[in-house]
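Below is one structure; the comments refer to it alone.
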Amino acid sequence: MSTTPLPNQQQVNATQSYESITGVVERLTYYSEESGYTVARLQRPGAKELTTITGSFADIQPGQTLQLTGFWREHPQYGLQFQVVNYKETKPATLTGIEKYLGSGLIKGVGPVTAKRIVAHFGLCTLEIIETQIQRLAEVNGIAKKRIAMIQKAWNEQSCIKEVMVFLQSHGVSTTYAVKIYKQYGDKSIDTVTHNPYQLAADIYGIGFLTADKIARNVGVPADSEFRYCAGMTHVLSEAAEDGHCYLPQTELIENVIKLLTTADHQPKEDAITQTIKDMALKDELIRERDADKTLNCYKPTYFHTEQNLAQLVRHRLTYPTNPDIPRVRAWLERFSSSRQVSLSPEQQQAVETAAYSRFTIITGGPGVGKTFCTSTIVSLWKAMGKSIALAAPTGRAAQRLGEMTGLEAKTIHRLLDFDPRTRSFKRDRTNPLPYSAIIIDEASMLDLFLAYSLVEAVADNAQLLLVGDIDQLPSVGAGNVLADLINSLKVPVIRLTQVFRQAATSKIITAAHQINRGQYPQIESISDTPQSDCLWHGGGFEPEHGVQAISELIADFIPRLGFHPATDVQVLSPMSRGLVGTRNLNNVLQQLINPPSPEKIEITRGGTIFRTGDRIIQLTNDYQREVFNGDVGFITIIDTEEQEVIVQYQERDVTYDYADMNELALAWSVSIHKSQGSEYPVVILPLYTQHYMMLTRNLLYTGLTRAKKLAIIIGSKKAISMCVRSTKSQERYTRLQQRLIHELQ
C-alpha cells in the first residue's frame, strides 16, 4: 500500500528529526470527520505503554496496523506525542490486530462477533482468504452466501472509498462525505470531482458551494470562470431560500455574489456578475421580473413558476361556483348545540357557516380561542352533509393530534398526496386529484411554497379546502410565507378567532401567549419548589453557563418531582444552534443527563456527534426514499454494528439508516423553536438570553411558549424576554404571492 501524505499538514522545521514507527491503532481519543484531525493511541510491538499519535488521516479505525513517519514532540499538557507527517496502512500481523481490524466497522456485514469467528477459523490467513478465496467464509458457522456477497462487495468498495477519501482529503474535502460521494458516482467519483467539482454541491446532501469551490480552485478552475459565477449565483439564491425567501432583488443578489466569490487574488466586477445574470436568464437558469416599483427581482425558475402557479390555482378555486344553504346550516347547528349542550361564539358560528360551503376557507387564531372545537364541529357538519373528508397536517405529530381531536384518521400532507420515492413526485395532482369532497389542513402556518402548491393542485375542483393555523406563529421553515400571504391578500375568506374561552383563560401559558401577542410583558410566576402556575420563570443567571446549569438541575430533580419523565415529556427549545444554550451544546449536556452511556447501549460517532440507543433524534432533511421529513422526531432503537445500520422508531414505524446517511439526523433533546412547529410537549424549557438578540422576536417567544401543554419554564434574563416582546419585526421574506393573488383576483 502506497504512503499517504497527510493533507493540509503544517510546515515543520527543515531540521526536524524524522523517524518511522509501526503499531496497531488501539483506540481513537479524538477524531474530526470534518478535518480528519486525529488523536489516537497506538500499540507498538514490545512496548508496555500505548503511544499517543496526532495528525490528519483520510480514514482511521481501531485495529488498523499503520507505518507512520513523523517526529516526537512534548505537549505541555499531555506529554510526549508522535506527530504524524505521512503514513501507510499495512495488514495487521497479529490475530488480535486482524480481529480488531475486521470488527472495527470497516466492512459492512462484519461486526465484532463475526470478526471473532472468522479469525478463530482462519487465523493469520484471514485477510488473504477474504482477498483471494472469499467463498471459504462459508466454512465459518453463521455466515451464509448472502452475507459473503455483501462482505465481498464492501471489501471491494472499501479500497475504492479509501482512494476517494485520500484524493478528497488532499483537496480539503471532509471524509464525512466520501462514502456518499462513492455511493453517488461509484468508480467515476474522482473523474467527476476533477471534471466538475461544483456538481457535488448539486448532488450530495451536506456538500455546499464553499467546499466545491475549494476543490475547484485546487484542480485549476479559474476564479473568474463563468461556471464558477453561475454556481455562486445558484448558491446565493439557495441560501436565501433557506432563510425563507422566494427571490432576491437583483442589487442584493449581485452584492451577495460578489461577497461570496471574492478571494485574496480575485475581486469580481459588478458588470461581470450582471452579465452572468443576463446570460443565465437567457438560458432559463434564472428568471427576472420587475415589481410595481420597478425593482428587478431574481428567482430560481422553480420558485417563480411555483409561486405564479399557486396564485392561479387559488384564483381558479375561488371563482368556482358554490350553492350555499345557510339556513339549513344554522338549523343543523342549533340541533348540534342542543344535543351536545354546547354553544358557539358568534366568531365560531361565522367560521362554521363560511366553511360549510366555501371552496377555500382559512380559520386563524391563537391558543384557547376554540380552533379545535370549530374544526371538529365543521367535521361533524360535513359528515352530516354526506361529504368524504380528509384530514392532514405538515408533521406526523400535528396529524396525530388532529386525528385525536376529530376522531378521524389524519395523515401527513406528504402521505395524503401519496409521494412516490421512485419519481420523487406526488401521485396526487391536477390529473389525479384527491378522492375527497372536503379537506382540512391543520397547522397551516407551516406550509411552505412548494407543499402549498402541491396540496392545492391535488384538491378536486368541486371539493372544499379548509386551512387552520395561527398567523402569529413563526412562518414555515421552507421558503415562502403562504398563510400570511393568503390572509393579507384579502381575497380568501378568513375568519379570525379572538375570544379566549373561560376554561382556556385559566392556563397561564395561554394568558402569557396572548399578552406577548399584544406587546405586553407576560405575567410569569417565579419558580418555586411547589409551583402554582403552569408558566414559570427561572432566572438562571445572566450568563448562558448559568442557564446550562439551571436546565441540568431542572432535568435531574425539579421536573421528575412534578411527575414528568425527562426522556419522553420534556423538550428544550432554543432560539439558536450555536452557543452554550444553543441546541448543539445543550444536546450534548442533555444526552449525558437523560441517556448516559452504559455497557448495554451501543453507540457510534458521526460528524462529531455521539448517537446511542435510546437517543431522541430529529430528521434534518426531506428523505423521500424513507418517507421521513424535515422535523420528524423519533428514537434510536437499534444500532447494528454488523450491518452498519441504525433503526429509528418514528411513532409506530421503524426506519433504517445506513451509517453513511447519519448526517441526515441530529440529536433532539434540544431543538430550535422553528423546528418545534406543529408539535406539542407536556413540558417545554425555553432558554432566552440577550446573546440571542438577532433571533429574539415576538413570534419566536410566542411560538416556543405555545408548544407547552402542561408546563412552560423560561430560563434567562427578563431583558431578553422584553426584547422579544418589543420586537415585532419577524424577518421580512421576499415573496410575491400576496401581490400575485391580488392581481389574479382583481
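Only a predicted model underlies this, so the values are computations on that prediction, with no experimental measurement involved.
- The salt bridge (charged side-chain N to carboxylate O under 4.0 Å, His left out) pairs that include a residue from residues 390-401 are Arg401-Glu443, Arg401-Glu680, where partners are two or more places apart or lie in different chains.
- Heavy-atom contacts from other residues, nucleotides or ligands closer than 6.0 Å to CZ of Arg578 number 12 or fewer.
- To the nearest 0.5 Å, the span separating CD on Gln677 from OG on Ser672 amounts to 8.5 Å.
- Listed by chain and number, the residues in a salt bridge (charged side-chain N to carboxylate O under 4.0 Å, His left out) with Lys427 amount to none (sequence neighbours excluded).
- Side-chain contact check for Ile610 versus Arg612: some heavy-atom pair is nearer than 4.5 Å.
- With sequence neighbours excluded, no residue satisfies ring-ring contact (aromatic ring centres under 6.0 Å, His included) with His121.
- Under the side-chain hydrogen bond (donor to acceptor under 3.5 Å, both in side chains) criterion, Asp418 pairs with no residue, sequence neighbours left out.
- Between Glu627 and Arg653 the shortest side-chain heavy-atom distance falls below 4.5 Å.
- Every residue meeting the ring-ring contact (aromatic ring centres under 6.0 Å, His included) condition with Phe629, not counting sequence neighbours, appears here in chain and number order: His414, Tyr624.
- Partner of Tyr657 under the side-chain hydrogen bond (donor to acceptor under 3.5 Å, both in side chains) criterion, chosen from Glu664, Gln619, Gln644: Gln619.
- Of the candidates Arg41, Gln81, Gln83, Arg41 is the only one forming a side-chain hydrogen bond (donor to acceptor under 3.5 Å, both in side chains) with Thr52.
- Taking CZ of Phe611 as the reference point, atom CD1 of Ile636 lies at 6.0 Å (rounded to 0.5 Å).
- Considering only residues two or more places apart in sequence or on other chains, Glu409 meets the salt bridge (charged side-chain N to carboxylate O under 4.0 Å, His left out) condition with none of them.
- Residue pairs meeting the side chain to side chain donor-acceptor pair (under 3.5 Å) criterion with at least one member in residues 140-150, sequence neighbours excluded: Arg147-Glu643.
- Partners of Tyr198 according to the ring-ring contact (aromatic ring centres under 6.0 Å, His included) rule, which considers only residues two or more places apart in sequence or in another chain, are Phe209, Phe227.
- Evaluation of the salt bridge (charged side-chain N to carboxylate O under 4.0 Å, His left out) test over residues 188-208, restricted to residues two or more places apart or in two chains, returns none.
- Applying the side-chain contact (heavy atoms from CB on, under 4.5 Å) criterion to Ala390, with sequence neighbours excluded, gives Leu416, Tyr436, Ile439.
- Taking Ser238 as the reference, Lys300 meet the side-chain hydrogen bond (donor to acceptor under 3.5 Å, both in side chains) condition, with sequence neighbours excluded.
- Atom NE2 of His565 has 12 or fewer neighbouring heavy atoms from other residues, nucleotides or ligands inside a 6.0 Å radius.
- Looking at heavy atoms from C-beta onward, Ile134 lies in side-chain contact with Ile151 at the 4.5 angstrom threshold.
- Ionic pairing of Asp661 and Arg626 is present here: one or more N-O contacts between side-chain nitrogen and carboxylate oxygen are shorter than 4.0 angstrom.
- For residues 22-31, every residue pair satisfying the salt bridge (charged side-chain N to carboxylate O under 4.0 Å, His left out) rule, not counting sequence neighbours, is listed here: Glu26-Lys100.
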